[in-house]
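A short worksheet on the structure shown next.
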2 protein chains.
Amino acid sequence: MPNNQFKRGELYSFITGKASTAIARRLQKKFNTAGLHITIEQWSVLYHLWKQDGISQQELCNATFRDKPSITRLVDNLEKLNLVKRVPSENDRRINLIFLTRQAQKLQEDTMALAEETLNDALTGVPADKVDICKEVLQIVYDNLK
Amino acid sequence: MPNNQFKRGELYSFITGKASTAIARRLQKKFNTAGLHITIEQWSVLYHLWKQDGISQQELCNATFRDKPSITRLVDNLEKLNLVKRVPSENDRRINLIFLTRQAQKLQEDTMALAEETLNDALTGVPADKVDICKEVLQIVYDNLK
DNA sequence: TTTGGATAGTTGCACAAACAACTATATGCC
DNA sequence: GGCATATAGTTGTTTGTGCAACTATCCAAA
């Protein structure tokens with residue numbers, strides 16, 4: 001039997017992701033105000049490179065849940081901004097390894113602070129245990145659909 | 001004191017909205033498979049017009065959480081697809097009222113069924129009470145930031 | 001009644017996403 | 001070794017988003 005837990009009036013926000021749109025806009029504004037000239041999408045690529053530098057574009061696709069053309073162009077733009085550098089792999093000439101520049105390394109601390117600030121803005125008034133449940137649900141949703 | 005409930009490793013999915021991205025992609029695929037040639041964004045406009053037909057572009061901005069240029073172009077494209085029609089308001093000549101065509105009225109049932117199906121896919125294995133908490137949290141997040 | 005500010009909508013630009021089609025390289029199998 | 005197939009990345013096209021600048025209209029106060 002279908003678990004018909006959704007009435008029609010409740011579909012909308014879940015599908016359109018209004019909450020995450022709001023979070024992304026808020027963070028983008030904080031970047032702009034701070035004079036950091038990067039987009040949220042570019043930041044999301046840097047985020048994974050800060051965790052592990054020198055990974056391939058394909059690995060960035062998996063990590064950021066984007067397709068290959070999207071990563072190609074994000075890396076293009078990050079390269080123009082002098083934030084990353086493509087380095088051809090020596091083992092496999094199909095692969096580009098993406099490395100952070102010194103300039104990008106410097107961005108980590110500031111942008112991460114703004115991201116945490118944004119989440120604190122977002123979650124004001126939400127008890128921690130409900131946040132945990134929410135994260136858990138969103139993780140299952142992602143796993144169900146990815 | 002700041003409610004520092006976020007460790008760095010947990011930032012990412014919340015900000016990038018991976019779950020809602022996954023939901024939107026799944027629904028888009030269902031539209032495509034069903035031969036329905038509309039985008040999720042166009043659907044989100046129709047969604048509000050099905051609830052109330054003949055509202056202004058500004059009201060669509062508020063309802064869909066988009067800015068005016070985005071709605072201008074979505075309405076442009078919906079008009080090209082013969083799904084809506086701009087009708088100048090008689091009271092206030094700045095305003096366009098947006099009306100569904102008969103063709104768009106016909107889309108409601110099918111697309112809503114696919115949307116519900118998508119949410120059922122997404123929420124498989126999630127207890128209803130956790131879904132409720134998740135919705136509640138996302139609503140607060142939206143209200144905190146909008 | 002005029003004028004200044006607010007509101008509704010449009011346009012231009014830069015950036016991003018999804019899909020399809022493409023090139024180049026690697027790998028596995030005969 | 002040679003060929004089919006898979007993988008990594010790029011390019012073109014359409015669509016959507018966010019911002020700034022713009023036009024047209026409305027409204028309210030002097």
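The figures that follow rest on heavy atoms only: side chains count, while hydrogens, waters and symmetry mates do not. Each chain gets a letter, A, B and so on, in the order the sequences are listed, and its residues count up from 1.
- Distances shown here put a side-chain N or O of Arg86(B) below 4.0 Å from the OP1 or OP2 atom of dT10(C).
- In the hydrophobic cluster analysis, where Ile, Leu, Val, Met, Phe, Trp and Tyr join through side-chain heavy atoms closer than 4.5 angstrom, Leu100(A) is grouped together with Ile71(A).
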Task: Test side chain to side chain contact (heavy atoms under 4.5 Å, CB included) applied to Ile98(B) and Ile55(B), step by step - done: CA-CA 6 Å; Ile98(B) 311 300; Ile55(B) 62 180; 5.7 Å; no
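- Along DNA chain D, the nucleotide closest to Phe65(B) and the one closest to Asp76(A) are compared, and the more 5′ of them pairs with Asp76(A).
- In this model, the phosphate group of dT11(D) is not approached by any side-chain N or O of Thr72(A) to a distance below 4.0 Å at OP1 or OP2.
- Asp92(B) comes within 4.0 angstrom of sugar-phosphate atoms only, judged by non-hydrogen atoms across all strands, and of no base.
- Considering only the side chain of Thr39(B), dG16(D) comes nearest among dG9(C), dG16(D), dA18(C).
- Within 4.0 Å (heavy atoms only), Asn77(B) reaches sugar-phosphate atoms of the nucleic acid but no base atom.
- Close to dA16(C), at under 4.0 Å from its OP1 or OP2, lies a side-chain N or O of Gln42(A).
- Of the listed residues (Val137(B), Val131(B), Asp132(B), Leu138(B)), just one forms a side-chain contact (heavy atoms from CB on, under 4.5 Å) with Cys134(B), and that residue is Leu138(B).
- Regarding contacts with the backbone of dT10(C), a side-chain N or O of Asn96(B) is found under 4.0 angstrom from either OP1 or OP2.
- Ile71(A) comes within 4.0 angstrom of no nucleic acid atom, judged by non-hydrogen atoms across all strands.
- The CH2-C1' distance, from Trp43(B) to dG16(D), rounds to 17 Å in whole Å.
- Atom CG of Leu46(B) and atom P of dG16(D) are 11 Å apart (whole Å).
- When atom types are taken as modelled, the side chain of Asn96(B) and the backbone of Pro88(B) share no donor-acceptor pair closer than 3.5 angstrom.
- Residue Arg94(B) places none of its side-chain N or O atoms closer than 4.0 Å to OP1 or OP2 of dC26(D).
- For the OP1/OP2 pair of dC19(C) and a distance below 4.0 Å, the side-chain nitrogens and oxygens of Gln28(B) include no atom meeting the criterion.
- Of the two residues contacting DNA chain D, namely Lys29(A) and Lys80(B), the nearest-nucleotide position lying further toward the 5' end is that of Lys80(B).
- The base of dG9(D) lies outside donor-acceptor range of the side chain of Arg93(A), with no N or O pair under 3.5 Å.
- Between Glu59(B) and Leu74(A), it is Glu59(B) whose nearest contact on DNA chain C lies nearer the 5' terminus.
- One can find a donor-acceptor pair under 3.5 Å joining the base of dG12(C) and the side-chain atoms of Arg73(B).
- The nucleotide whose nearest atom lies closest to any side-chain atom of Asp67(B) is, among dC15(C), dC19(D), dA18(C), dC19(D).
- In terms of heavy-atom proximity, Ile95(B) sits nearest to Ser56(B) at CG2-CB, 3.7 Å.
- When rounded to the nearest whole Å, the span between CG of Asn91(B) and C1' of dA24(D) equals 17 Å.
- Across the protein-nucleic acid pair, Ile98(B) atom CD1 and dT10(C) atom C1' stand 13 Å apart, rounded to whole Å.
- In this structure, CG of Asn62(A) is placed 10 Å from P of dG9(D), rounded to the nearest angstrom.
- OP1 or OP2 of dA8(D) lies within a sub-4.0 Å distance of a side-chain N or O belonging to Gln58(A).
- Atom CD1 in Ile95(A) sits roughly 13 Å away from atom P in dT25(C) (whole-Å rounding).
- At whole-Å resolution of the value, CZ in Arg66(A) and C1' in dA16(C) are 8 Å apart.
- Gln28(A) places a side-chain N or O within 3.5 Å of a backbone atom of Ile40(A) that can act as its donor or acceptor partner.
- The side chain of Pro69(A) has dT11(D) as its nearest neighbour among dA18(C), dT15(D), dT11(D).
- Between Lys68(B) atom NZ and dT25(D) atom C1' there is a gap of 12 Å when expressed in whole angstrom units.
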